[in-house]
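Note sheet for the following structure.
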Amino acid sequence: MDHAAHHHGAAHDHTAHGGHPAHTGHSTPHAGHGGTSWAMAAKATLHCLTGCAIGEILGMVIGTALMWGNVATMALAITLAFLFGYSFTLFAVLRAGLDFRSALKVALAADTVSIAVMELVDNGIIALTPGAMDAHLSDGLFWSALLGGFAVALVVTTPVNKWMIGRGKGHAVVHAYH
């Protein structure tokens, strides 16, 4: 993706952004995104993980409260993780002035791989942790497997996001709107 096109010209002066926190961590200009920092990748991953965690926990709580089985509860949790993960980006780019259809395209492009990797990792850890799938919300095993899964997902997904941002993909497509 030609990131410069989002700035209505070939050059973009980042000094004009002053203390804009979203622009910290840029070590080089955007040409090729070669200078993507670990801080930028971690911030993008945390942003994504926040939405995923809210959706996943909500799905687990709803599925458990309705006494659904493991598969149905996990399907709901994953669906809500994607929904909440996308919604964080969607609302941010809508506030920046994009119409809904364009904002949805940006959110899908920015977050799909990140959310998918996160969900694969954290749900894999839950599924592989003995007893976690049958643990109740009041059990420490449930929360330790879930939070441990989120922690491992953060560690695994951050390099994926760094790689994608460095190639003008993932969170890089959102950058033009903040």
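What you see is a predicted model, and the numbers here were worked out from it, not measured in a lab.
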With heavy-atom distances below 4.5 Å as the criterion, would you say the side chains of [X] and [Y] are in contact?
{"X": "Lys169", "Y": "Trp163", "answer": "no"}
{"X": "Cys48", "Y": "Ile115", "answer": "yes"}
{"X": "Met133", "Y": "Val71", "answer": "no"}

How would you list, by chain and number, every residue that makes a side chain to side chain contact (heavy atoms under 4.5 Å, CB included) with [X], sequence neighbours excluded?
{"X": "Ala103", "value": "Leu90, Val93, Leu94, Leu98"}
{"X": "Val113", "value": "Val117, Val160, Met164"}
{"X": "Leu147", "value": "Phe150"}

Mind listing the closest non-hydrogen atom pair of [X] and [Y] along with its distance?
{"X": "Cys52", "Y": "Ala81", "result": "O-CB, 3.5 Å"}
{"X": "Val155", "Y": "Pro159", "result": "O-CD, 3.0 Å"}
{"X": "Ser144", "Y": "Leu141", "result": "OG-O, 3.2 Å"}
{"X": "Ala41", "Y": "Thr158", "result": "CB-O, 3.7 Å"}

From [X] [atom1] over to [Y] [atom2], what is the distance, rounded to the nearest 0.5 angstrom?
{"X": "His171", "Y": "Met40", "atom1": "NE2", "atom2": "CE", "answer": "7.5 Å"}
{"X": "Phe82", "Y": "Met118", "atom1": "CZ", "atom2": "CE", "answer": "10.0 Å"}
{"X": "Ile125", "Y": "Leu146", "atom1": "CD1", "atom2": "CG", "answer": "10.5 Å"}

Inset, instruction - May I have all residue pairs that pass side chain to side chain donor-acceptor pair (under 3.5 Å) and include part of residues 77-95, sequence neighbours excluded? - result: His47-Thr89, Tyr86-Thr112, Thr89-Asp111

Inset, instruction - Among residues two or more places apart or on two chains, list those pairs meeting side chain to side chain donor-acceptor pair (under 3.5 Å) that have a residue in residues 119-128. - result: Glu119-Asn123

Do [X] and [Y] share a hydrophobic cluster, counting only Ile, Leu, Val, Met, Phe, Trp and Tyr and linking them when any side-chain heavy atoms are less than 4.5 Å apart?
{"X": "Ile78", "Y": "Val152", "answer": "no"}
{"X": "Leu108", "Y": "Phe100", "answer": "yes"}
{"X": "Trp143", "Y": "Met74", "answer": "yes"}
{"X": "Phe91", "Y": "Leu104", "answer": "yes"}

Residues in side-chain hydrogen bond (donor to acceptor under 3.5 Å, both in side chains) contact with [X], at least two apart in sequence or another chain:
{"X": "Thr50", "answer": "none"}
{"X": "Asn70", "answer": "Asp134"}
{"X": "Asn161", "answer": "Thr45, Ser114"}

Inset, instruction - Please step through side-chain contact (heavy atoms from CB on, under 4.5 Å) for the pair Ile126 and Glu56, ending with a clear verdict. - result: CA-CA 12 Å; Ile126 292 168; Glu56 193 156 332; 3.8 Å; yes

Inset, instruction - Starting from Trp68, walk the hydrophobic network (Ile, Leu, Val, Met, Phe, Trp, Tyr; side-chain heavy atoms closer than 4.5 Å) and list everyone else you reach, by chain and number. - result: Ile54, Leu58, Ile62, Leu66, Leu76, Leu80, Leu83, Phe84, Phe88

Inset, instruction - Please assess Thr129 against Phe142 for the test side-chain contact (heavy atoms from CB on, under 4.5 Å), listing each intermediate value before the final yes or no. - result: CA-CA 9 Å; Thr129 300; Phe142 169 82; over 6 Å; no

